[in-house]
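A quick write-up on the structure given underneath.
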Protein chains: 2
Amino acid sequence: MGGTRREIPNDPGRKRRILDAALDVIAEAGVHKTTHRRIAARAEVPLGSLTYYFDGIDDLLVQAFARLSDTMSVHYRRTLESAATRAEAEDAIVELICGPAYASSREMTLIFEMYGYANHHPQVMDIARAWLHRSRESLSLHFPEHVCLALDVLIEGWPIHRVFEGAPLDRALVAATVHTIVDHLDAAAERPGRRDA
Amino acid sequence: MGGTRREIPNDPGRKRRILDAALDVIAEAGVHKTTHRRIAARAEVPLGSLTYYFDGIDDLLVQAFARLSDTMSVHYRRTLESAATRAEAEDAIVELICGPAYASSREMTLIFEMYGYANHHPQVMDIARAWLHRSRESLSLHFPEHVCLALDVLIEGWPIHRVFEGAPLDRALVAATVHTIVDHLDAAAERPGRRDA
DNA sequence: GGCAAGTGTGTACGGTCGTACAGACTCGTG
DNA sequence: CACGAGTCTGTACGACCGTACACACTTGCC
């Protein structure tokens with residue numbers, strides 16, 4: 001329909017496959033060794049495809065990180081949405097921190113790469129910012145704003161230890177910390193500035 | 001003295017200056033754009049110097065990150081050592097999280113780059129591991145082990161938000177969170193596993 | 001001064017990178 | 001079927017990279 005003929009791609013899923021391949025390469029070799037040729041080989045597409053679908057390597061990286069951010073946000077959101085009570089929400093958070101779903105070795109590596117790259121690329125900075133913002137939104141389904149902030153810090157920070165310690169996290173300690181913040185930070189904030197010396 | 005003649009470098013501070021220049025380049029351009037030539041230009045030394053002092057670019061990066069880790073560890077340690085009481089230690093932690101000293105934009109960028117690079121390079125992984133370990137040791141001057149772990153997570157995680165939000169942190173909230181963990185996590189851990197459903 | 005051993009460097013080479021682009025291919029339309 | 005707009009790709013080029021290395025320089029010892 002319409003007057004002139006339009007885009008009839010031979011391989012509609014191609015672009016997405018290239019993005020996934022890019023994330024694979026980034027996870028395995030790091031941004032500093034991510035090249036057109038490596039991505040093309042991994043995605044099993046010709047080199048020319050990459051310059052056809054993307055305006056250079058920066059554009060490709062930006063879209064790859066955007067895809068990563070979306071995927072993670074959805075998982076994050078779903079995990080928190082599936083919790084009905086506050087106690088379940090706490091369990092969900094512990095799962096996000098310790099469990100292999102989010103914060104798997106691959107995801108953590110990619111997040112580090114994204115954070116690192118973001119500091120040198122405004123568009124990726126925006127993507128990272130949006131990712132943090134959406135995380136907090138998901139948390140706010142269950143907790144007041146300041147508690148969300150503190151919990152989000154735990155969710156960002158604790159997996160870092162997991163990556164570098166190499167050992168699985170102490171679930172009981174994570175759970176206790178989450179619970180402590182949920183229970184007492186809430187109360188403490190109602191009397192702002194108060195601190196028993 | 002001794003039999004044969006020995007190393008008499010013309011410029012003893014050269015190696016350190018190269019390392020500092022490398023960190024500057026990494027902070028400004030990221031590891032993925034850090035090259036021998038850029039570092040040499042920044043340090044104002046000839047290109048050949050870099051291959052003379054270092055066994056390739058990887059070796060240079062490893063030593064640069066080692067230097068970064070040392071510098072930060074010392075600062076971290078001194079900050080915690082200068083606290084006499086627990087309350088002062090809490091303030092010191094808030095300062096580490098919010099203050100511009102540690103967690104300045106430059107330092108955070110470098111840390112991100114280090115974490116990212118560590119995932120693809122065992123030697124840097126060891127350096128990062130050691131850095132986290134020493135952080136926790138410094139914290140243990142004032143707090144029991146499990147509290148140190150939770151506090152360290154805050155110190156790692158909160159500056160991330162600072163970088164991406166762009167705005168300064170809510171000091172009162174940071175202080176309240178630190179205080180909450182110090183006060184209540186300690187007590188909670190004495191009854192391990194306990195959680196009021 | 002002559003010598004040898006170690007310090008430091010300018011240049012050049014092979015390799016890889018990002019990207020441009022001529023042209024092969026596909027397919028709706030007239 | 002002819003055609004042309006649009007989709008895709010193999011190849012090639014200039015730029016830049018890491019690194020090697022021949023060579024100049026410095027300095028203690030005779």
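Everything numeric in this text was worked out from a predicted model, so none of it was measured. Below, chain A is the first sequence line, B the second, and so on; all start at residue 1.
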- Residue pairs passing the salt bridge (charged side-chain N to carboxylate O under 4.0 Å, His left out) test where at least one lies in residues 44-69 of chain B, sequence neighbours excluded: D20(B)-R67(B)

Whole-Å distance separating the [atom1] atom of [X] from the [atom2] atom of [N]:
{"X": "L50(B)", "N": "dT7(C)", "atom1": "CG", "atom2": "C1'", "answer": "15 Å"}
{"X": "Y52(B)", "N": "dA22(D)", "atom1": "OH", "atom2": "P", "answer": "17 Å"}
{"X": "E44(B)", "N": "dG10(C)", "atom1": "CD", "atom2": "P", "answer": "14 Å"}
{"X": "H32(A)", "N": "dC17(D)", "atom1": "NE2", "atom2": "C1'", "answer": "14 Å"}
{"X": "I39(B)", "N": "dG18(D)", "atom1": "CD1", "atom2": "C1'", "answer": "12 Å"}

- Just wondering, do L68(B) and W131(B) contact through their side chains at under 4.5 Å, heavy atoms? no

- Query: Are the ring centres of Y115(A) and F164(B) closer than 6.0 Å?
  - Reply: yes

- Item | salt bridge (charged side-chain N to carboxylate O under 4.0 Å, His left out) involving E28(A) - partner list, sequence neighbours excluded | R42(A)

- Message: I need a per-nucleotide contact map over nucleotides 14-24 of chain C, read 5' to 3'. Cutoff is protein heavy atoms under 4.0 Å; write B for the base, S for backbone only, - otherwise.
- Response: ---BBB-B---

- Residues D70(B) and R134(B) bridged, charged N to O under 4.0 Å: yes

- When you measure from the centre of the six-membered ring of F54(B), is the NZ or CZ of K15(B) under 6.0 Å away and within 45° of the axis? yes

